[in-house]
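When a ligand or atom number is given, it counts from 1 through the structure's own listing order. Residues: numbered from 1 along the sequence shown.
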Amino acid sequence: MPHFLISNDDGVHAPGILALAQALMPLGRVTVFAPDRNWSASGHDKTMDRPLRVRETHLADGTPALTSDGSPADCVALALLGVVQEPVDLVVTGINAGENLGQDMTYSGTVTAAMEGALAGLPAVAVSMKLPANGSRPDFTAAAHIARRVVERVLRFGLPPRVVLNVNVPPLPLEQIKGIRITRLGERIYRDALVTRLDPRQKPYYWIGGEPPDGIPEEGTDIGALAEGYASVTPLHLDLTLYSLIEPLRQWNWEED
Ligand code: MN
């Protein structure tokens, strides 16, 4: 029976991780180990300058869980380094409240927590759901169902080393989701804007504000798939090398001082 390590970046008490844990329980043993608060958009954070505490808690359905004051990747690392003693077969993160598409990869605590699992040599899946446009409460039922379908296939077919499957699901009932598309990362359009205000002592402080990001819904991409009502599965690897620029860079006359 496979043993799943489940984490997230929205915090151990977020509804998305409960939906994910419940979806995977029929497939194997589930260990939940997630941060004690929201770490969204924290990137691949590793705590180096303070000790980490781990405590036991419960999800809303009574499922036992572990939580720590570390980052999402810290939680995965702590678990795999021995806080969780039983060997883990697969790391699954999410279900994030909000999609993780295109260039969100380096911001996403959901994806980087899965990357921590991949770095430790385990297959890893990150699951995110786009939020309903009308601001209504997200229903994670369909995303949980799709997460289970993806995990079943990872168990059946396996993944090469150091690979993360990045799964995104549109905010639709399952019967309205057209299917699952295998995609590449698309182009995100960020609409960040600087908000400058004055504190009570008349010193400026800043928010990085602006509209939520958009994206180019190109065919074959994660952004395109969601725009058309499909769930998206993008294979990611941890090699960020831009191979096409290696030779041109070598021509940059490096001998000259
Ligand atoms: Mn999040």
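The main-chain N or O of D45 is found under 3.5 Å from a side-chain atom of S71 such that the two form a donor-acceptor pair.
With 3.5 Å as the limit, one finds no donor-acceptor pair spanning the side chains of T93 and T110.
For the side chain to side chain contact (heavy atoms under 4.5 Å, CB included) with L18, the lone residue among D61, I95, N8 that qualifies is D61.
For Y230, there are no ring pair (Phe, Tyr, Trp, His ring centres under 6.0 Å) partners at least two apart in sequence or on another chain. In this view, D10 satisfies the salt bridge (charged side-chain N to carboxylate O under 4.0 Å, His left out) rule with no residue, not counting sequence neighbours.
With a cut-off of 2.8 Å, the protein N/O/S atoms near the Mn ion (ligand 1) add up to 4.
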For residues 157-172, which side-chain N or O atoms pair as donor and acceptor with protein atoms under 3.5 Å away, sequence neighbours left out?
unit_1, atom_1, unit_2, atom_2, d
N166, ND2, N100, O, 3.0
N168, OD1, N100, N, 2.8
N168, ND2, N100, O, 2.8

